[in-house]
Amino acid sequence: MKHLQYNDIDYRTLFDGFRNPNSGAVVLFSGEVRDNNKGREVTHLEYEAYEPMADKMIAEILAEAKLRFKLNHVACVHRLGKVEISGCAVVVITGAGHRKEAYDANRFIIDRVKNEVPIWKHEFFTDGTSEWGQNCDCVTNGHEQHHEHRHEKA
Amino acid sequence: MTVQVVCFAGLRKYFGSKTGVKVEVGSSYQSILEALAKINPEAGEVLKSCRIAVNEQFVAPDSPLKEVDTVFLIPPSSGG
């Protein structure tokens, strides 16, 4: 799998691969694990995915972003398994001629990965309980079926 | 016919990792969700926000059920 891994994400090395004479802007987003969520103290997270489908979907999102935003380089890697506090859960790097494309593409990619790709976060709390996370607001907004629409709120 | 349903994440507490459901030949994928809701009514709400994938592609719930052995029940994503 190219876009999912069980070991630490070495985003410094990934970033070095983005040096390109045509790229005036390289944006790196790292989604990191907070020690709290909705007022509760978090000890760590564990990620699970429907792996072959998630890997394929991330590849498709990156291909679409590369074309749409005219990127020179693009990468996205998401962690699976246990991630400690301050660990990197997901990284998105976009390299383009100018900053607007690099920023816009980066946001486009992380939003779609969070909302559409079959990856799930299991949060563990200091009180010994745990909970599966939910990024999208479909249930609370009364939506039924499908997540094919964009989720602006997540 | 019996379809095997693979469950992920929070769905496992309702159905385990994999469960078989009986559905009528010629019905839609939606019938799988309805059958699951009957097996465990507590999952009724979350099932409304689940998608079904076959061969690593999402299928429309109202599309006719094809001859598949296994479907993947995808709860709302929570990556990142």
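Each chain gets a letter, A, B and so on, in the order its sequence line appears, and its residues count up from 1. Keep in mind that this is a model prediction, so the values were computed, not measured.
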Heavy atoms of other groups near B:Asp69 CG, more than 12 under 6.0 Å: no
For the atom pair CD (A:Glu116) and CD1 (B:Ile74), what is the distance rounded to the nearest 0.5 Å? 13.0 Å
Within residues 70-96 of chain A or reaching into it, pairs that qualify as side chain to side chain donor-acceptor pair (under 3.5 Å) - sequence neighbours excluded: A:Asp8-A:Arg79, A:Asn20-A:His73, A:Ser23-A:Asn72, A:Thr94-A:Asn106
Determine whether A:Val90 and A:Leu71 fall in the same hydrophobic cluster, where Ile, Leu, Val, Met, Phe, Trp and Tyr are linked whenever their side-chain heavy atoms lie under 4.5 Å apart. yes
Side chains of residues 26-39 of chain A: which donor-acceptor partners sit under 3.5 Å, not counting sequence neighbours?
unit_1  : atom_1 : unit_2   : atom_2 : d
A:Ser30 : OG     : A:Glu32  : OE2    : 2.5
A:Arg34 : NE     : A:Asn36  : O      : 3.0
A:Arg34 : NH2    : A:Asn37  : OD1    : 3.1
A:Asn37 : ND2    : A:Glu123 : OE1    : 3.3
A:Asn37 : ND2    : A:Glu123 : OE2    : 2.6

A:Arg40, CZ: over 12 other non-hydrogen atoms inside 6.0 angstrom: yes
Segment of A:Tyr47 engaging chain B (4.5 angstrom heavy-atom cut-off): side chain
Which residues in residues 54-61 of chain A have any heavy atom closer than 4.5 Å to a heavy atom of chain B? A:Lys56, A:Met57
Around atom CZ of A:Phe124, are there more than 12 heavy atoms of other residues, nucleotides or ligands at under 6.0 Å? yes
Select one option (side chain, backbone, both, neither) describing which atoms of A:Trp120 are under 4.5 Å from chain B's heavy atoms. both
Let me check something: do A:Tyr103 and A:Val74 share a hydrophobic cluster, defined by ILVMFWY side-chain heavy atoms less than 4.5 Å apart, either directly or through other members? no
Atom pairs and distances, donor-acceptor, side-chain atoms in residues 4-23 of chain B, under 3.5 Å, two or more places apart:
unit_1  : atom_1 : unit_2  : atom_2 : d
B:Arg12 : NH1    : A:Glu48 : OE1    : 3.1
B:Arg12 : NH1    : A:Glu48 : OE2    : 2.7
B:Arg12 : NH2    : A:Glu48 : OE1    : 2.9

Taking the side chain from B:Ser77 and the backbone from A:Ile119, do they hold a donor-acceptor pair closer than 3.5 Å? no
